[in-house]
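Each remark here refers to the structure printed beneath this line.
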Amino acid sequence: MRPFLARKEVRRFAPVCHDISIAGEIVGLHDSGAMWWPDENTLVVADLHFEKGSSFARKGLMLPPYDTAATLEKLAEAIDAFQPTRVIALGDSFHDGEGSDRLPASYRAMLTTLQLGREWIWVTGNHDPIAPVGLCGETVDEVALGGLVFRHEPHEGAVGEIAGHLHPAARIRRYGRSVRRPCFATDGTRLVLPAFGVFTGGLNVLDGAWGPYFPAREFSVFMLGDGRLYPFTATRLVSD
Amino acid sequence: MDAAAPPLLPERFSRWFESRGWSPRAHQLELLETARSRRSVLLIAPTGAGKTLAGFLPSLVALSERPRRKPGAAGSQRGVHTLYISPLKALAVDIARNLEAPVAGIGLDIRIETRTGDTPAHKRQRQKQVPPDILLTTPEQIALLLSDAQGREMLAGVDTVILDELHALVTSKRGDLLALGLAALRRIAPSLRTIGLSATVAEPDDLRAWLVPQSEGAARALADVVTVAGGAEPDITILDSDERLPWSGHSARHAVPDIYRIISQHRTSLVFVNTRSQAEMLFQALWHANEDNLPIALHHGSLDVGQRRKVEAAMASGSLRAIVCTSSLDLGIDWGDVDLVINVGAPKGASRLAQRIGRANHRMDEPSRAILVPANRFEVLECKAALDASRAGRQDTPPLRKGALDVLAQHVLGCACAGPFDPLELFDEVRSAESYRDLAWERFEQVVDFVATGGYALRTYDRYARLKRQPDGCFRLSHPRIAQQYRLNVGTIVEAPMLKVRLVRSKSEGRRTPIGRGGRMLGEMEEWFVEQLALGDTFLFAGEILRFEGLRENEAYVSRARAEAPKIPSYQGGKFPLSTYLAAGVRAMLADPASWQALPHQVREWLEIQKLRSALPQPDGLLVETFPRSDKHYLVCYPFEGRLAHQTLGMLLTRRLERLGAHPMGFVANDYALAVWGLGDLDALIARGQLSLEELFDEDMLGDDLDAWLAESSLMKRTFRTCAVIAGLIERRHPGQEKSGRQVTVSADLIYDVLRRHEPDHILLQATFADAATGLLDISRLGELLARIRGRIAHTPLARVSPLAVPVMLEIGKEPVFGEAQEALLAGAAGDLVKEAME
């Protein structure tokens, strides 16, 4: 049989962002799934789900153990591109409560290097309700900065809220074919970030679970593309 | 026969035969003789030859000679004597019913039971405690029984295994699963022998080898074979319609009045088509033509089970005049009274056609009658090639497949569930199966390692291993929970996610009430088809035009529509590629104008003009035509290798043309030809020496180009998902599982990407590649094509489209256009938005 050739994928990572306004603050959406807040020099990522592979392996499903490394690489590229002074991880940074404990030493070192010289905030999530073990950074349930509040799970009716948790994904249809991608979802007063971790699935933004946050399709999404984002109003989307 | 030997058929059996006015047939007696010598045997017989009874007769005789059971006496418990394994649940149930008559008639004290996915848990449990004498079941149930110590005990004394429709079983991964199960059975029941029942196949020796254990270094062991000569030669004709023959399409709408007339002239007709959408369309068209209100029914795999059973019962009772059906009726239940088979569309393979025709008239001494209805001009050629093959008695069943590694992984885990196993012993056992005889030890080790820890170079999961090595070298399950996971995951059929289709009242009829809940269930549809429907879209399903009313959890709500024609044309069912054998027949026919005499006038004329205007494709070469049309340039070639191989070729050609600056925009493929179009003038590129067709079609496209494409191919990802589920890397999605749980589960696509990057040699990628080579991408056939046409490419530059190119050109706009990346789709959709905003 022909072996597969491994290919190092070269990503163009120029920090070109799609600027939008959330509750009056200008923030940039990046095609990696990260949010960049230039006024505060802050990079925000949601749902890293480190050690998801090993979390499944513990339950007998042997997913490839490369997710943490791949997510870390992706994060390093984003940090390298933006050079933020502050990084906020919006919760579910580890797939389970013991995830940070299981983190292999080499990845721990890599993460520590990324954290050097910048403020690092771990927002707690439902998967990781406690502070990560043996890692730098401040652990909070939520944090307010300027006109924005950062938390894991969105709250109903919140204004200026930046959240994760829901893993937004959207689907569009054209010529009888459809494309489903992770996306940012916003109605101008709040923003939900796509999951940044490489093994993370997505929940269609038209699913009932979104009802309390973005009612009746009155919101927009920015689907992640290669080097750019694709904006759509929710009325143009199709469900799964 | 030795005169001293007792007669093959015991007295009470012969009496029963006599009482029915029958006498045992030669092959039935031959099978009894192989039983006496304890040899395994393959019975090849056309339908209607009494194959099933022949298969069971040795077991019935053996069981009749057993001493009577004494209730309560010690050691009275006996295991299963005979296992009957069929690919269809329904067939197992049907056979159980058919056996009742002889068992009661002969007066045998034999317990016969079925065990399928539908058998209630308490009955399965009881079967383990009090096993029946004959158990009728499916490959999945065998795997389940073997994964459990109690189940193995129940099967420990098995004497005979009867494998029905063996020709159909061995061509799929279910066949691999069964081959492994059989190898395991042989170890716990060493005296076991097998009886394979099969239709006529191209290579009977493959099946004979499949039935018996192989041993290393020894010559291929073969089971005995008993062949029943086909009865009367079938009477096959090709419909010669006065209507204009369509250039493309598969609906055969032009022939509907003819088909209806033929149905009304026969007692009962089976009308076979190739896809579910064709079945729906044809049924609808016949319904419109049905002035005499003939009872005509529809049968395909997506219809609700209850619906299907009703149709089957009506058929059995003889109250139907015709059934429009797909391959869902290729196998299985005997209808008895069918006097005509109508095959609409391309036959796709000579053996496939022969088996369909065999569904008519199950009496061997009368010829089966069949009429072939080609739906377009190319299909006329294909029908003619199939007819010639049938007259010459040629078969083109696919060769025996190599055992798949993902199935092996599932089996290894199953073995561990039954108890600790010695890897060396298991290796020998696995290799005793014909389909795994060439398995290398390294590969086997990789599979075991995959089952234990995922088989990754990083040994991070050793502490979570599912299999642990004991001091004696055996592997045992690390936790009983793993066995539960295995049981939920067993089997090799990974369905595309389906949605139930429920009939409700229409919202559009001005009712205020929300759409009702309790409507009738019509069947199931692929999720991706429902996905592309907008509210109010109309489409054909279950023989009706339906209106899409919305989605509720995992149900699609539909209402009856009054529309004349459905808005959404079709959805694809299974499509079989044209067999290599028939393809060669069609190529030979095209290249030989003398043979055209047998073709209808319209087809002859079409080919004559092709010869005049362009050239004829040669048997071993490749005709490539280039011509401009509107503002685009087209390249059309005629490989005749089937749609799947052509799609792969189209994908790779567009990549290469892109690199050469020819700006390809898309391509379409059908079973016969491939058309690629773009903005660049290919003739000019060739004239300037910038493009060489020999280089464009060089075999090296199966290297880096293929590799680069595989990285993003959605077909490859779909294939990987199937392998990952079978191998137990990801869990099956079970019905009723909450959709919103999706963000917690892992997408197979992501795992595929990660594995390709980090472990390109991973065992699951090997399994995926092996599948893709023969499956959705048909790479192996493409490879053969490229080798065959080397140095034999005939380029014909033209000023306009050629007659032969018309059919594939007409597919443009009907079939989805490939070569268009997801990004382009997104960018295009975003572009629409701009237009909306600016206009």
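For B:A457, the parts lying near chain A are the backbone and the side chain together; criterion is any non-hydrogen pair under 4.5 Å. Of the two parts of B:T453, only the backbone, made up of N, CA, C and O, holds a non-hydrogen atom closer than 4.5 Å to a non-hydrogen atom of chain A. The contact between B:L458 and chain A is made by backbone and side chain atoms together, counting heavy-atom distances below 4.5 Å. Heavy atoms closer than 4.5 Å to chain A are found nowhere in B:A773, neither backbone nor side chain.
Ranked by non-hydrogen atom pairs under 4.5 Å with chain B, the options A:G208, A:A57, A:G53 are led by A:A57. Among the candidates B:L764, B:I482, B:T460, B:L729, the residue making the largest number of heavy-atom pairs closer than 4.5 Å to chain A is B:L729. Most heavy-atom pairs under 4.5 Å with chain A, from the set B:R463, B:R466, B:Q485: that is B:R466. Per-residue counts of heavy-atom pairs under 4.5 Å with chain B were compared for A:A169, A:G60, A:P64; the largest is that of A:P64.
For A:H18 and A:F222, the ring centers sit closer than 6.0 Å to each other. Annotation: A:H165 is not in aromatic contact with A:H127 [ring centroid separation under 6.0 Å not met]. B:Y456 has its ring centre less than 6.0 Å from the ring centre of B:H762.
One side chain, A:S54 or A:R102, offers a donor N or O that lies under 3.5 Å from an acceptor on the other.
The aromatic rings of A:Y66 and B:H758 sit parallel to each other, their planes meeting at less than 30°, with 60° as the upper class boundary. Classified by interplanar angle (parallel below 30°, tilted 30° to 60°, perpendicular above 60°), the ring pair A:F214/A:F219 is parallel.
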